[in-house]
Every structure is written in C-alpha cells, then in structure tokens.
Number of protein chains: 2
Amino acid sequence: MLDDTKRRLLNTAGQIFADKGFEAASIREICQQAEANIAAVHYHFGDKKQLYVATVRLAQCAQSDEIPFPELPADMPAAQRLRTFVGTMFERMLSADRPKWHLQLMLRELSYPTEACEAIVHDYIRPMADSLRTILAELLPGDMPEPERWQVGFSIVGQVLFYYVHQPIIRLLIGDEAYRNLTVDTLADHVTRFSLAALGQRMPQEVAS
Amino acid sequence: MLDDTKRRLLNTAGQIFADKGFEAASIREICQQAEANIAAVHYHFGDKKQLYVATVRLAQCAQSDEIPFPELPADMPAAQRLRTFVGTMFERMLSADRPKWHLQLMLRELSYPTEACEAIVHDYIRPMADSLRTILAELLPGDMPEPERWQVGFSIVGQVLFYYVHQPIIRLLIGDEAYRNLTVDTLADHVTRFSLAALGQRMPQEVAS
DNA sequence: GCGGGAATCAAACAAGTGTTTGATTGAATC
DNA sequence: GATTCAATCAAACACTTGTTTGATTCCCGC
C-alpha cells in the first residue's frame, strides 16, 4: 500500500487522541504504537496539531459513512421517523462492532472545542439538527415560536447523549450488570416514547419492539 | 492569613484544571498565577496529582454549600418539587455570579474520570439521584420496574445537563443572541413541562412563571 | 544499470515538564 | 536574645515534550 504508514498513523493517533485528549497524547506513543518513525508525523502532516485535525476530519467522515442516516420518507408517520432518528443516534453511539474512537473524538471536540469544532457542527451536527427539526415540524403546533422548537429538539437529543457522555455516572449509579442490559432498542424505545408522550403523541405500535 | 498561599494555590489550580484538564495544566503556570513558589505545591500537597484531587474535593464541597439543595417538604405536590429540583440544577449550572470552575471541574471529572470520580458520584450525584427518585416515586405507576425508573430519571437529568455540557454546540446552532436569551427560569420551565407531560402530568400553574 | 525523488530512519535539538534540594526567611517560644 | 520550626525561595535535577536535521533506504522511470 502506498500511504500505509500515513493511514496507520491516522488511525492510532485518532484512537489515542480520543482516549487521552490532544495534550495528554504524545507523538512518541502514537508513533511507537503505529510502528512508525517519530519524524513520520512531521513528514506526513507537518506537526502535531495538523495530525490532530486530520484525525478529527477522518472520524467525521467515517462516522457518517459507517452508519449513514436513513432516508426518512415523507409519507412515513412522524412518530415513526422520530423512532428511527433516535435509534440511529443510539446505533452510532453504542454499536460495539465498529471502531469507537470516531464518535469519542468528535464528542470530546464538541465538549472542549478547539478549532476543529466548527467544522463538525457545520458538517455533522447541523444536518442532524435539520433532520430532527423537519420531523418535529409535524409533531409541534405550527404557531410554536422558534426558540421553543429548539428546546424540544435539545430535550430529545439531550436524553440520547446523556447515555454516552455520562457512562461513568450511569455505571456507578445502577451497577455494571444493569448497565449491560441497556440495549440500543430498549433505550431508543424509551426515549422515543418519553418524548412523544411529552408532545401529546402515542408511540406507534409497529415500531415499539 | 495562615494558609493563604495554600488557599490561593487551590483556587487558581482548580480554575486552570477546570479550564485545561489535568495534563494540560502546568504547575509553573499555576504557581505563577497564584503568586507562589514552584516548590509550594510539593510542600503543601505532595505532588501535582494530590493537588488535583484536593481541588476536586474543594469544588465538590463548595458546589454543595453555595446552592444547597432545598428541602423538599413531603406535602408539596410532586410536580412542584420536580420544578424545584430542575430549577436548582440549572441554578447550579448557569448562575454566573459564582466561581464557575467548581462545576466545570466536577463535570470534566465525570466525563473523563480519574480516581476522584467515584467520590463525586458517591457524595454529590447519589444524593441528587435519591432526591429525584423520591419525587418520581409519586409520579410513576407503582409497578414500574426499577430499570425503567432509572431511565426516566436519566431522561430528565439528561435534558438539563445537555445545556451545560454542549454549550458550544448550542451556541453554534442557534446563535449567540438566542443563547443569551436562555434564562434559568425559561429552561427549568421547559424541561419540567416537557417531562411532566411525558409522565402524563400537567405543569402546576403556580410554578409556571 | 543508473539517476532521482519520495519515504524512512537514528540522533540530536531546545524548551518545557514534575520534582527535589538546600539555603533563607520570619515569627513564635523558651 | 537564642532557638526552633514552619514557610518560602532560587536553582538545579532528571526526564519528556514537539520538532528538526542529515544520512540512508527504497522503488520507479529512463
């Protein structure tokens, strides 16, 4: 392979950056684990910071590609589309069979933003927000002012993200065993039912597992 | 004052730790900003790590003292107690007149836990969780199984924490001006109303501002 | 077979890290 | 006034950091 070391560097760097953060990750550790020379990062990327933004960019693309957001046909009931939306978010977050550092790195960047944050919001978050707001347009009264519509969206997304960002809290609170029982479907069903009820809607039977 | 430098060290260290994280914060920067000698941290705390856990412990205590959780009298309607609970959380998070590094440091520790995390969960989170679960006991059907009760609690707390943890996203999504319009009361009202509706309850009029 | 450019390598760079030392201060105690 | 002990200080410690250099290897096109 041509740029094999460059690819190896990107992947292991992303893993370590996601795990420890930018400052705590050292180039030597990255290169050693990637079986590359220390000078390779300078040669291929310029410096540490450029390597970092490259990993963020990679994570962003990969994350979108691996579990693409399903097309939500306009004739599908809004409640069911909401269930699909929430389910896809949980899928992206908790699905264990893919490299987990992609989302991990992105969420770290979103919580403690550097210069790479804006790109994520623009390319990754914004489309999701638009998709959710389209769904909500059918579930909310037409005269609801814009700020309130945003808050409803935040209430839904906040529920989902909580399970990812605060895994340590949840584990310590309910115990490891109960945590393992939290499946993607269970959580997606709960959040969807909870949110639909908050909007005065019922959970459609055909999607409630 | 006797231990003035020790106190100064704790406060500026906590600020910097909260801002940059443990690894990225340097002892020299802390000491310079605290107007203390570099050896002072070794003298008063032992090493950098012990200084860090001391700041976390301080943040934890201060955070509880400054905005103590109000006693929720048992004869107050559960819906109103929920509004108070949510309001206090927002108060702790967004009230601008207190040093903000306390909660900032605690939430950083909760998202990326070190050894100090368990103590926070045990001494700070657990009591809050118990308080919320007591309120929910009156709002939820008595035969609801334990895991679902937890999920309802997470749905409520998740909504609240979202506004703190993901401030950067919110700002970029809705714009700076709209963000400034989000007051503690507005948000607490929304989250409470949303959650109560999800549980089939109405927002009590006397607390809806 | 041979030049030439891309890629890799060991080695060293200067700067910054946490930590430690040993001397110096200052105020309270006898 | 002498002693004592906690607190502070400048200086150096050994080590790691990101970065750079210059030589070496590798492989492709001529």
Side-chain angles (χ1 to χ4, degrees), chain A residues 1-59 101 104-105 108-109 112-117, chain B residues 1-59 101 104-105 108-109 112-117:
Chain A
M1 185 121 356
L2 274 185
D3 290 315
D4 195 29
T5 63
K6 187 172 180 178
R7 204 176 43 81
R8 243 173 22 238
L9 226 38
L10 267 174
N11 276 294
T12 63
Q15 229 167 311
I16 295 182
F17 280 141
D19 193 39
K20 314 181 149 186
F22 176 77
E23 313 264 0
S26 91
I27 287 192
R28 278 177 174 79
E29 181 188 2
I30 293 172
C31 289
Q32 186 176 353
Q33 191 169 323
E35 301 182 59
N37 189 273
I38 317 176
V41 37
H42 169 253
Y43 180 79
H44 286 287
F45 299 96
D47 58 1
K48 187 185 179 184
K49 183 141 238 160
Q50 295 183 64
L51 169 60
Y52 175 78
V53 308
T55 62
V56 173
R57 198 151 30 211
L58 169 61
W101 69 265
Q104 205 175 331
L105 183 61
R108 189 183 276 274
E109 178 66 28
Y112 303 102
T114 71
E115 61 204 27
C117 177
Chain B
M1 183 119 359
L2 275 185
D3 289 317
D4 196 29
T5 61
K6 187 172 179 177
R7 203 176 44 81
R8 245 177 16 243
L9 225 39
L10 267 174
N11 275 294
T12 63
Q15 229 167 310
I16 296 181
F17 280 142
D19 193 39
K20 313 181 149 185
F22 176 76
E23 312 264 1
S26 90
I27 287 193
R28 278 175 174 79
E29 181 188 2
I30 293 172
C31 289
Q32 185 176 352
Q33 192 168 322
E35 301 181 59
N37 189 274
I38 317 175
V41 36
H42 168 254
Y43 180 79
H44 286 287
F45 299 96
D47 59 0
K48 186 186 180 184
K49 184 142 237 162
Q50 295 182 63
L51 169 62
Y52 175 77
V53 307
T55 61
V56 174
R57 199 151 28 209
L58 168 62
W101 68 265
Q104 205 176 332
L105 183 60
R108 188 184 276 274
E109 177 66 29
Y112 303 102
T114 71
E115 61 204 27
C117 176

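Quantities reported herein were computed from a predicted structural model and do not represent experimental measurements. Here is the naming used below: chain letters follow the sequence lines, and residue numbers restart at 1 for every chain. Computed over heavy atoms, backbone and side chain alike; hydrogens, waters and symmetry mates excluded.
The distance between atom CD1 of B/I27 and atom C1' of D/dC13, rounded to the nearest whole Å, is 14 Å. The CD atom of A/E23 sits 10 Å away from the P atom of C/dT17 (whole-angstrom rounding). For A/D47 and C/dA14, the CG to C1' distance is 17 Å, given to the nearest whole Å. Taking atom NZ of B/K48 as the reference point, atom C1' of C/dT19 lies 12 Å away to the nearest angstrom. With rounding to whole Å, A/F22 atom CZ is found 8 Å from D/dG18 atom P. As rounded to whole Å, 12 Å separates atom C1' of D/dT16 from atom CD of A/E29. Look at NZ on B/K6: it is 9 Å from P on D/dA7, rounded to the nearest Å. Regarding A/N37, its CG atom lies at a distance of 9 Å from the P atom of C/dT8, rounded to whole Å.
Counting heavy atoms from C-beta on, the side chains of A/V41 and A/I30 never come closer than 4.5 Å. The shortest side-chain heavy-atom distance between B/D47 and B/Y52 does not fall under the 4.5 Å cut-off.
Of the possible donor and acceptor atoms, none in the side chain of A/K48 sits under 3.5 Å from a partner among the backbone N and O of A/S26. Looking at A/Q15, its side chain never comes within 3.5 Å of a backbone N or O of A/W101 through a donor-acceptor pair. Remark: the backbone N or O of B/E35 is paired with a side-chain donor or acceptor of B/R8 at under 3.5 angstrom.
Residue contacts shown for B/A25 are limited to sugar-phosphate atoms, with no base heavy atom under 4.0 Å away. If you check every strand for non-hydrogen atoms under 4.0 Å, A/A40 touches nothing.
Using a 4.0 Å cut-off, no side-chain N or O of A/T5 falls inside it from OP1 or OP2 of C/dA7. When the side-chain nitrogen and oxygen atoms of B/H42 are compared with OP1 and OP2 of C/dT21, none of them lie within a distance under 4.0 Å.
The side chain of B/A39 sits closest to D/dC9 out of C/dC9, D/dC9, D/dA7. Here the side chain of B/R28 is nearest to one of C/dT21, D/dA12, D/dT19, namely D/dA12. Taking every side-chain heavy atom of B/I38 into account, C/dT19 is the closest of C/dG18, C/dT19, C/dA6.
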